[in-house]
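Each residue takes its place number in the sequence, starting with 1. What's counted below: heavy atoms across the whole structure, side chains too, no hydrogens, waters or symmetry copies.
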Amino acid sequence: MQPLSTLTRRQLLQRLAVASPVVLAPSLLSACQHDEDPKPTFSGSVIIIGAGAAGLYAGQLLAERGLTVTILEASDAIGGRIKPLEGWGTPFPLELGAEEVHGNNSHWYRAAQQFGGAFKADNTTDYQRIRLDVVPEAQANQDPDVAEVRSFVAWLDEANPATVPDVSVNQLAAQRGVLDTSNLLDALLGNEYGTDNQSLGARGVAEGSQAWTAGEGNYSLASTPLLQVLRSLCPQAVDKVQLSTPVVAINYRDGGVRVADARGQIYQADRCLITTSVGVLRSGNIEFTPALPQVKQDALRLIGFGPGMKILLRFSSRFWPADLGSLYIPGAVPEFWSPSTGQDGGPYVLTAFVHGTEAASLSAMGADAVDYVVGQLFGSFPGANPRGLLVSSHIEDWGKNPYIRGTYSYPLPGGTGARNGLAAPVAGKLFFAGEATHTGGHFGTVHGAVETAERAVAEILRS
Ligand SMILES: Cc1cc2nc3c(=O)[nH]c(=O)nc-3n(C[C@H](O)[C@H](O)[C@H](O)COP(=O)(O)OP(=O)(O)OC[C@H]3O[C@@H](n4cnc5c(N)ncnc54)[C@H](O)[C@@H]3O)c2cc1C
């Protein structure tokens, strides 16, 4: 997810190729402690469910204060939706989940800058297919339909949310006579926000855009996987993670909190911080006793979360422009980009990024999705025979991951305020963090997840 703009992630990068450097905080943790925690009272034990960005950062903050912390992680790895692709041997990182740092004003940005090494220089150009040709963005923007889509996106970015009808982006576009003949609107809004324009709530997009305070630009690390940044940010927390431990029950009726894992092991603590995704909370795979209050059930209904995938395609030679940023061509996948852009001599990789109903269809195809997607490329680069050049592929289907069940949360029509309900503590013992609980517009991002950890830790310390 990104701050809404007429510019996509890579377009923003282009505009901000020379990003204004941000002064490094002496310590991210001390900065947080000053801001969030004037009078801590709580000093007991905490169980954290989930070792993604939110769970690990919360664990780090609590461990630094000397609290007893246990982090239970269902899968066999830390990171959650930060996940590198191993084994392809590329000199640049391949990210299956989060890939870019959105904005230059967050702890996460500073951590990436401080620990993670250099950001990629960006001198790329976005390309779009207009009629039969794949052309640079500047040329594509001469097309009246493309110009109309971009001006609609710009308007939504600036709009006072109260004046934006509380309908889907598709409905609003139709009301305003905007035709998405090129699929570009889906790429810039629905797909970027983790869904499609049929589901994405227009007012929620405007709300998120107005609330965004994470700065500008989008940044990819040249040679460091984001997981390494997360490890560096949370060294003490990493040691407190118990992997392969799916939590199946949380009982907070009496005394403290009793947590049961799938093997029947019981863990007890004074407080519990839950960082699992909306998809996991909705699934009912964690049983709460007593049941979570109605405000949580409502929030889970009013926050969008659904299928999405990245398909990474490695080719023996490059058939796309050498300076490719994003690629928008008709078909199931609204956006492609190349993690190998800027690498002389390969390896040559394209990433297909797809959400919503198209992702659900591709997911149902299983391994055949690769050929389908390469066929989409063939349609736009017919002379190149992409099928013949394909060397290997990887499908990361986040909807099929039992411990995530989708990609990242997005606004639905009618969802205003729902995130407050998801974030609210329950009975002074259960606390909630994770990207979907961000109430200030940074949902769907890593820096947002990190910020929710700070908020939840402050709540725990005050409890
Ligand atoms: C394809 C994709 C692309 C993205 N691109 C970007 C990007 O470019 N930039 C950006 O900022 N963000 C991006 N994001 C979003 C970002 O990755 C997430 O917002 C962020 O990583 C979420 O962190 P979290 O801690 O809230 O949740 P998670 O990372 O989901 O962590 C929750 C953890 O809980 C664990 N868990 C689940 N159930 C249980 C259970 N029962 N018991 C114990 N543990 C459990 C999970 O295994 C997981 O490790 C992307 C996400 C995806 C999927």
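Ring geometry, His442 versus Trp212: the interplanar angle exceeds 60°, so the pair is classed perpendicular (tilted spans 30 to 60°). Note: Trp320 and Phe315 have perpendicular aromatic rings, judged against thresholds of 30 and 60 degrees for the angle between ring planes.
Judged as a side-chain contact (heavy atoms from CB on, under 4.5 Å), and not counting sequence neighbours, the contacts of Ala369 are Ile311, Leu362, Met365, Ile395. For Glu358, there are no salt bridge (charged side-chain N to carboxylate O under 4.0 Å, His left out) partners, not counting sequence neighbours.
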Exercise for review: Apply ring pair (Phe, Tyr, Trp, His ring centres under 6.0 Å) to the pair Phe443 and Phe305, showing each step before the final yes or no.
Suggested key: CA-CA 11 Å; Phe443 53 83; Phe305 196 83; over 10 Å; no

Exercise for review: Go through Tyr328 and Leu188 one step at a time and tell me if the side-chain contact (heavy atoms from CB on, under 4.5 Å) criterion holds.
Suggested key: CA-CA 10 Å; Tyr328 308 115; Leu188 297 184; 3.9 Å; yes

Exercise for review: Dump the intermediate steps for side-chain contact (heavy atoms from CB on, under 4.5 Å) on Leu189 and Leu156, then the final yes or no.
Suggested key: CA-CA 10 Å; Leu189 289 181; Leu156 192 55; 4.1 Å; yes

Exercise for review: Report the C-alpha distance between Gln343 and Ser340 in whole Å, list the side-chain angles of each, state the deciding distance to 0.1 Å, and finish with yes or no for side chain to side chain donor-acceptor pair (under 3.5 Å).
Suggested key: CA-CA 6 Å; Gln343 295 285 323; Ser340 54; over 6 Å; no

Point to revise | Verdict with reasoning, Leu390 to Val370, per side-chain contact (heavy atoms from CB on, under 4.5 Å) | key: CA-CA 10 Å; Leu390 186 68; Val370 170; 3.8 Å; yes

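Between Ile460 atom CD1 and Thr41 atom OG1 the span is 11.5 Å, to the nearest 0.5 Å. Between Asn170 atom CG and Asp186 atom CG the span is 7.5 Å, to the nearest 0.5 Å.
Checked by atom type and distance alone, the side chain of Gln236 never pairs as donor or acceptor with a backbone atom of Gln60 at under 3.5 Å. Put simply, the side chain of Thr275 never gets that close to the backbone of Ala433: no donor and acceptor are under 3.5 Å apart. Using modelled atom types, one side-chain atom of Gln376 and one backbone atom of Pro330 make a donor-acceptor pair closer than 3.5 Å. In this structure, the side chain of Gln228 does not engage the main chain of Pro225 through any donor-acceptor pair within 3.5 Å.
Between Leu377 and Leu327, the closest side-chain pair of non-hydrogen atoms falls below 4.5 Å. Leu350 places a side-chain heavy atom less than 4.5 Å from the side chain of Leu324. Contact annotation: the side chain of Lys429 never approaches that of Cys272 to less than 4.5 Å [non-hydrogen atoms, C-beta and beyond].
With hydrogens and angles left out, the side-chain atoms of Thr437 and Arg455 include a donor and acceptor closer than 3.5 Å. The closest side-chain donor-acceptor pair between Glu435 and Ser409 falls under 3.5 angstrom. Side-chain N/O atoms of Asp196 and Thr357 include a donor and acceptor closer than 3.5 Å. There is no side-chain donor-acceptor pair under 3.5 Å between Thr416 and Arg203. Asp76 and Ser244 share no side-chain donor-acceptor pair at under 3.5 Å.
Contact record, Ala436 with Val278: CB-CG2, 3.4 Å, taken as the closest heavy-atom pair. Contact between Ile82 and Ala98 at its shortest, heavy atoms only, is CG1-CB, 4.2 Å. Leu94 approaches Trp88 most closely through the heavy-atom pair CD1-CE3, 3.5 Å. Of all heavy-atom pairs between Pro161 and Glu207, the closest is CB-CG, 3.5 Å. Nearest heavy atoms, Ser463 versus Gly428: CB-O, 4.2 Å.
For the ring-ring contact (aromatic ring centres under 6.0 Å, His included) with His355, the lone residue among Tyr410, Trp398, Tyr408 that qualifies is Tyr408. Results of the side chain to side chain contact (heavy atoms under 4.5 Å, CB included) test with Leu313 over Val373, Leu389, Val391 single out Val373 as the only residue that passes.
The number of heavy atoms from other shown groups lying within 6.0 Å of CD (Gln265) is above 12. More than 12 non-hydrogen atoms from other residues, nucleotides or ligands lie less than 6.0 angstrom from CZ of Arg282. Annotation: Tyr372, atom OH; neighbour count of heavy atoms from other residues, nucleotides and ligands within 6.0 Å does not exceed 12.
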